[in-house]
Amino acid sequence: MKRTVEIAGGGIAGLTTGLAFAQKGWRVRVHEQDNALRVLGAGIYIWENGLRVLDALGVLPRVIAGVSPASRHEERNHDGKAFASSRIGHDFRLYVPPHETLLMALHEALVATGGEIVFNSRAVAADPGGWLHFADGGSRHADLIVGADGISSPVRESLGLLEWRRPANQFGYRAMIRREPADLETEIGCTHCESWNGSRRLLFAPCTAELADVQLTSLVGDSSGTAVPIDRDFWRAQFPDLAWIVDRVPDDGRGDSFEIVRLESWSSGRVAIVGDAASAQPPFLGHGGGCSVMSAFVLAHMIDREGDVLNGIAAWELQERPFTEWVQRIAYWYGQLALLPGSARTAVLKAVNTSEWVKRQTLLAAACRDVTATRRNSPSLESNVPIYPLIH
C-alpha cells in the first residue's frame, strides 16, 4: 500500500512538500483553508538553492519562463549614488518570478503527479500519532502529517512546539509595479537595487519585462513609513530619484510587520512543521522561500532514504534546523542595519561586499547551499542562541 501524507496549508511550503512526496510514490492530500490558492501580488526571490530544488522537482522551466535573470545587485544611498555592487553570474543565479507563477507551477505539477488539493479545508490541530483534525469536526489519519500552515500555524500550536515568536521591529509593504519599455534602457531599471535613507529602505527587483517587485520597509512606529496605502509624498521625498517607482506602487499591496519564529522542535511524533510555521524570518535577504522549499525537499528525501517516518523526520531536523536558524539570524541582523547611522551602515555593507567569502557565509549562506546533491551539506552551527536583542 502507498504511504500517505496529509498536509495543512496550500502555500509554497505545503505544495512543495506535497510534490516531493508525490514524486516518491506517496498518496498526497493538501488542505487549503481558502477556496482557491492564496496568491500574493508580489514577487518571490528564488536564489540558486531554490532553483536547484525546483529543477529537481521538474518545475523550474515553468517557473522562470519569461522571468528576467538578475545580473547585478546594488546598494544605493537616498541620492541614488551606488556604494556597493555585486555581479550575479550564471553559476549563481537569482530569479524573482511572480508569486502566482511559482504557486501555480507547483500546484499543476502536484495534480499531474497524482496529488490532491482540497479547498475550504481548515486544519486546526494534529496529534503525534498521525492524525490531522479539521474545523468541521472531521479527522484524517496518515503515515505523516505536515504543518505548512503559516506563521500562526494552528497545527504547530496544537502540539505546543513554539519556543518563542518575536517581532523584528520592521514593517514592509510589498507590491508589483509595471515596467515601461523605457525602464529597460536605464541602469537602475534593470538592476536589483536596495536604496537606503536612514532607517527606511526601498527595494526594486525586476521580475519580467512587464513587472517588477517593490518592497518599502521602515521601523514599526514610523507612522508615515508604515501607512497603508503608502504615503506617496513621503516616499517620494525619501527617494527623489525613485519617484517613478513610488508613483506606480498600487494601493492594494501587502503590508506586514515582520516576525521571527523559533520552535523547541520541528516535529512531534509523525507530525513535521515546515515553512514559516517552523522558521519564519524577515524577508530582507529573500531567503524565506528558498529555505521553505529546501526543507520540504529534504524532508521527503530523508524519510525515503531512512525507509521510516520517525527516523527520517529525526534526520531531517538534525540536518536542516541548525542551518535554517543560522539564516534566520543573518536576516534578522541585516534588518537591524536600519538602526545604524547611514555612514556606519554603508561601511558595514561595503566591508561585506569586498569579501566573497564573508558574503557566502552570511548574506548568501542559504543561496550557496545545494540540498539536491548527494553529499551531506550542513555546517556545524550552534542553534541555541537564546536572544535576538534589538540594537536600540
Side-chain angles (χ1 to χ4, degrees), residues 42-48 50-51 63-99 101 172-198 200-217 235-236 238-250 253 283-287 289-290 331 334-335 337-338 342 345-346 348-356 359-360 362-364 366-368:
I44 180 168
Y45 273 60
I46 309 178
W47 292 88
E48 185 67 34
L51 296 172
V63 172
I64 65 174
V67 180
S68 306
S71 60
R72 187 172 71 254
H73 177 86
E74 289 186 349
E75 303 281 349
R76 293 176 178 255
N77 292 319
H78 68 281
D79 58 5
K81 183 178 179 180
F83 61 84
S85 179
S86 300
R87 290 284 177 181
I88 303 174
H90 295 296
D91 60 339
F92 192 77
R93 300 165 295 168
L94 167 64
Y95 287 80
V96 185
H99 180 270
T101 299
Y173 183 90
R174 294 194 66 179
M176 299 285 279
I177 68 169
R178 71 183 186 281
R179 296 176 75 191
E180 301 294 347
D183 300 342
L184 305 180
E185 301 175 5
T186 64
E187 182 181 18
I188 193 169
C190 297
T191 302
H192 288 248
C193 184
E194 185 176 45
S195 300
W196 292 86
N197 186 349
R200 304 176 184 103
R201 185 183 75 147
L202 188 156
L203 180 64
F204 174 82
C207 296
T208 68
E210 296 80 26
L211 296 170
D213 181 69
V214 173
Q215 182 183 108
L216 305 172
T217 63
W235 284 103
R236 288 191 202 101
Q238 296 298 305
F239 301 100
D241 290 347
L242 303 179
W244 61 274
I245 295 177
V246 175
D247 288 342
R248 299 178 196 174
V249 175
F284 304 123
L285 302 179
H287 291 324
Y334 188 86
L337 292 176
R345 179 174 57 247
T346 297
V348 170
L349 290 173
K350 280 184 176 180
V352 171
N353 272 278
T354 57
S355 171
E356 193 66 25
K359 281 195 297 184
R360 287 176 178 263
T362 55
L363 305 185
L364 300 177
C368 295

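Quantities reported herein were computed from a predicted structural model and do not represent experimental measurements.
Annotation for Glu74 and Ala82: closest pair OE1-CB, 4.1 Å, computed over non-hydrogen atoms. Closest heavy-atom contact between Pro98 and Met176: CG-CE, 4.1 Å. In this structure, Arg179 and Ser68 approach most closely via the heavy-atom pair NH1-OG, 4.0 Å. The minimum heavy-atom distance between His192 and Ala205, with the atom names listed, is ND1-CB, 3.6 Å.
Screening Val352, Val348, Asn353, Thr346 against Lys350 for a side chain to side chain contact (heavy atoms under 4.5 Å, CB included) leaves a single residue, Thr346.
The shortest distance between side-chain heavy atoms of Leu202 and Gln238 does not fall below 4.5 Å. Contact annotation: the side chain of Arg72 approaches that of Ser85 to within less than 4.5 Å [non-hydrogen atoms, C-beta and beyond]. Residues Val96 and Pro206 form no side-chain contact, since every pair of their non-hydrogen atoms from C-beta on lies 4.5 Å or further apart. Side chains of Ile245 and Phe239 form no contact here, defined as non-hydrogen atoms less than 4.5 Å apart. For the pair Pro250 and Arg178, the minimum side-chain heavy-atom distance is 4.5 Å or more.
Under the 30°/60° scheme for interplanar angles, the aromatic rings of Trp47 and Tyr45 are found to be tilted. The aromatic rings of Phe204 and Trp244 lie perpendicular to each other, with more than 60° between the two planes, well past the 30° mark.
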Quick one: do Leu349 and Trp196 satisfy side-chain contact (heavy atoms from CB on, under 4.5 Å)? Show the steps, please.
CA-CA 12 Å; Leu349 290 173; Trp196 292 86; 4.0 Å; yes
Any chance you could lay out the side-chain contact (heavy atoms from CB on, under 4.5 Å) test for Arg248 and Asp183, step after step, and finish with the verdict?
CA-CA 13 Å; Arg248 299 178 196 174; Asp183 300 342; 2.5 Å; yes
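The CG atom of Asn77 sits 11.0 Å away from atom CG of Asp241, with the distance rounded to the nearest 0.5 Å. To the nearest 0.5 Å, atoms OG1 (Thr101) and CD1 (Ile64) are separated by 11.5 Å. Atom CG of Leu242 and atom CG of Asp247 lie 11.0 Å apart (nearest 0.5 Å). The line from OH of Tyr334 to CG of Leu363 is 6.5 Å long, rounded to the nearest 0.5 Å. Annotation: the span from Thr217 atom OG1 to Glu194 atom CD amounts to 7.5 Å, rounded to 0.5 Å. To the nearest 0.5 angstrom, Ile44 atom CD1 is 8.0 Å from Arg174 atom CZ.
Under a cutoff of 6.0 Å and an axis angle of 45°, Arg360 and Phe92 form a cation-pi pair.
Of the N and O atoms on the side chains of Arg76 and Ser195, not one donor lies less than 3.5 Å from an acceptor on the other residue.
In this structure, Glu48 contributes its side chain and Ala367 its backbone to no donor-acceptor pair below 3.5 Å. Judged purely by atom type and a 3.5 angstrom limit, Thr191 has no side-chain atom pairing as donor or acceptor with the backbone of Cys193.
Listed by chain and number, the residues in a ring-ring contact (aromatic ring centres under 6.0 Å, His included) with Tyr173 amount to none (sequence neighbours excluded).
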